[in-house]
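The structure appears below as structure tokens.
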Amino acid sequence: MAGAAIVAAGAFTTFGGLLLVPLHEQRGWSRASIGAAFAVSMVLYGVTAPFAAALMDRLGVRRVVVGALLLAGGGAAGSVVAGSPAQWTAAWGLGVGLGTGAASTALAASVAERAGAGRRGLVAGLLTAAGVAGQFVFLPVLSRVVEEYGWQAAAWGLAGTAVLVAVCALVALREVRAPAGVREAGAGAPGVVGRALRVLAASTRRPAFWLLAGVFAVCGASTNGLLWNHFTPAAHDHGIPATSASALLAVVGVCNVAGTVAAGRLTDRVDARRVLAACFGLRALTLVALPLLWSPSVGVPLVAFAVLFGLLDVATVPPTLALCRVHFGSDGLVVFGWVNAAHQLGAGTMAHLGGLTRDLTGSYDPMWVGAGALCAGAAVLAGVVRGDREER
């Protein structure tokens with residue numbers, strides 16, 4: 001049931017890429033203003049994670065997940081009736097950002113942390129893969145709905161799905177709580193907030209936190225921020241229909257499952273730094289090559305890009321979670337939440353810059369090359385983070 005909740009939350013995160021063109025054409029809003037709403041959603045998605053993780057330790061997973069899904073569904077419903085960019089930002093940015101932030105990465109990390117030594121990487125990989133399935137596998141269906149019935153119908157469908165999964169989670173999700181000592185450390189709402197902030201204050205004194213946060217910010221910028229929101233509009237610029245672009249993103253999603261599970265297994269066996277550095281190095285090559293692969297029709301080069309990028313896309317999660325655990329012990333889960341906040345800050349920044357660059361230059365190509373350069377730098381930084389595989 002946790003996997004189903006993560007799938008439902010994941011479906012919201014890539015749906016934005018299908019909305020940019022119709023909102024721009026139907027309502028006359030600039031791509032930059034639409035991208036700003038995506039940026040708010042992504043930043044809140046990340047900032048919510050450490051508080052959601054602490055809240056799950058205190059209240060249990062089920063209550064937090066049900067509330068998060070209802071909030072995301074409300075945000076999607078509110079976006080349909082939004083009449084201005086500010087209202088759109090309030091609905092999609094706040095509702096969807098807060099809801100999905102509490103029901104995706106934080107949920108996967110919480111369940112994985114309770115899986116026990118030797119299995120955490122695999123469980124993290126499996127649940128992260130579930131989120132990717134929601135992000136990409138259902139994208140062609142949503143694209144078809146947008147094409148045939150309009151984006152509003154797809155948004156209502158997502159809202160209804162979130163409510164349905166919330167009801168199922170309330171009935172069927174087995175409650176999972178942290179050990180009593182951890183729950184007592186965050187007793188009550190003030191305790192939950194206080195613990196998350198205390199962990200942040202302590203972790204920021206250590207270089208490992210800043211290295212992990214910087215690396216994960218680049219991860220968010222090159223995936224959630226750029227590919228997930230701007231790949232479909234970029235494909236449209238090159239004459240590729242939205243349905244074909246969504247099919248390519250579905251390939252990314254399918255391959256993500258294999259890549260993330262494999263990264264989880266590797267993280268249980270080898271130095272997490274090596275896994276992380278390899279993911280970023282190869283991702284850099286794929287992004288730099290993308291401007292050379294565009295064509296009016298989907299051919300082998302673009303399919304190859306989708307397969308390789310899919311294998312690398314969220315394979316960074318298991319090794320990053322493992323390094324947080326190594327360096328920060330029992331606080332590692334909350335630290336990972338803050339590191340994920342940096343991920344979403346990078347994603348939000350790139351989501352906005354992608355639309356702004358397209359408005360100013362008429363092309364997304366500079367963003368692909370720039371993101372590739374950032375990934376190359378992240379590969380170097382990943383090797384600097386010291387780790388100890390024996391504590392995983």
Side-chain angles (χ1 to χ4, degrees), residues 13-14 16-17 20-21 24 30-43 45-46 135 210-238 240 245 248-249 252 256 276-295 301-302 304-306 308-316 320 339-384:
T13 58
T14 48
L20 197 151
V21 172
H24 174 69
S30 71
R31 289 180 174 86
S33 65
I34 300 168
F38 297 155
V40 170
S41 177
M42 289 177 182
V43 171
Y45 176 105
Q135 291 159 0
W210 293 108
L211 287 170
L212 289 170
V215 166
F216 226 42
V218 172
C219 180
S222 55
T223 55
N224 302 47
L226 188 58
L227 190 88
W228 297 8
N229 284 291
H230 295 293
F231 182 83
T232 298
H236 179 270
D237 288 346
H238 291 273
I240 299 175
L248 284 172
L249 289 178
V252 172
N256 247 312
L276 199 57
C279 289
F280 277 110
L282 292 172
R283 187 189 295 178
L285 295 176
T286 62
L287 287 170
V288 170
L290 181 58
L292 304 176
L293 306 179
W294 290 116
S295 65
L302 281 174
F305 167 84
L308 183 55
F309 196 94
L311 292 173
L312 304 167
D313 188 5
V314 290
T316 55
T320 303
V339 168
N340 189 64
H343 180 282
Q344 294 306 116
L345 181 61
T349 301
M350 190 64 83
H352 178 62
L353 289 178
L356 184 61
T357 299
R358 174 62 176 78
D359 285 340
L360 295 176
T361 69
S363 173
Y364 284 105
D365 287 353
M367 301 305 298
W368 304 119
V369 176
L374 287 174
C375 287
V380 175
L381 289 179
V384 177

Mind checking side chain to side chain contact (heavy atoms under 4.5 Å, CB included) for A221 and listing every partner two or more places apart, or none if nothing turns up? M350

Any residue meeting side chain to side chain donor-acceptor pair (under 3.5 Å) with T349, in chain and number order, not counting sequence neighbours: none

CG-CG distance between N340 and L345, expressed to the nearest 0.5 angstrom: 11.5 Å

Show the nearest heavy-atom pair for residues L293 and L302, with the distance to one decimal. O-CG, 3.7 Å

Which residue pairs pass the side chain to side chain donor-acceptor pair (under 3.5 Å) test when at least one of the two sits in residues 360-373, sequence neighbours left out? H230-Y364

Can you sort out the partners of S30 under side chain to side chain donor-acceptor pair (under 3.5 Å), two or more places apart, ordered by chain and number? S33

Residues that A278 engages under side chain to side chain contact (heavy atoms under 4.5 Å, CB included), provided they are two or more places apart: none

Measure the OG1-CD1 distance between T232 and I240 for me, rounded to the nearest 0.5 Å. 10.0 Å

Across all chains, not counting sequence neighbours, the side chain to side chain donor-acceptor pair (under 3.5 Å) partners of D359 are none

Which pair of non-hydrogen atoms, one from A342 and one from A213, has the smallest distance, and what is that distance? CB-O, 3.5 Å

Answer yes if the ring centres of F231 and W294 are under 6.0 angstrom apart, and no otherwise. yes

Residues that V288 engages under side chain to side chain contact (heavy atoms under 4.5 Å, CB included), provided they are two or more places apart: none

T316 and C279 have their tightest heavy-atom pair at CG2-CB, 3.9 Å

Among pairs that include at least one residue of residues 285-294, which meet salt bridge (charged side-chain N to carboxylate O under 4.0 Å, His left out), considering only residues two or more places apart or in two chains? none

With sequence neighbours excluded, tell me which residues meet ring-ring contact (aromatic ring centres under 6.0 Å, His included) with H236. none

From F280 CZ over to L381 CG, what is the distance, rounded to the nearest 0.5 angstrom? 9.5 Å

Residues which pass side chain to side chain contact (heavy atoms under 4.5 Å, CB included) with S222, listed by chain and number, not counting sequence neighbours: R283, L287, A371, C375

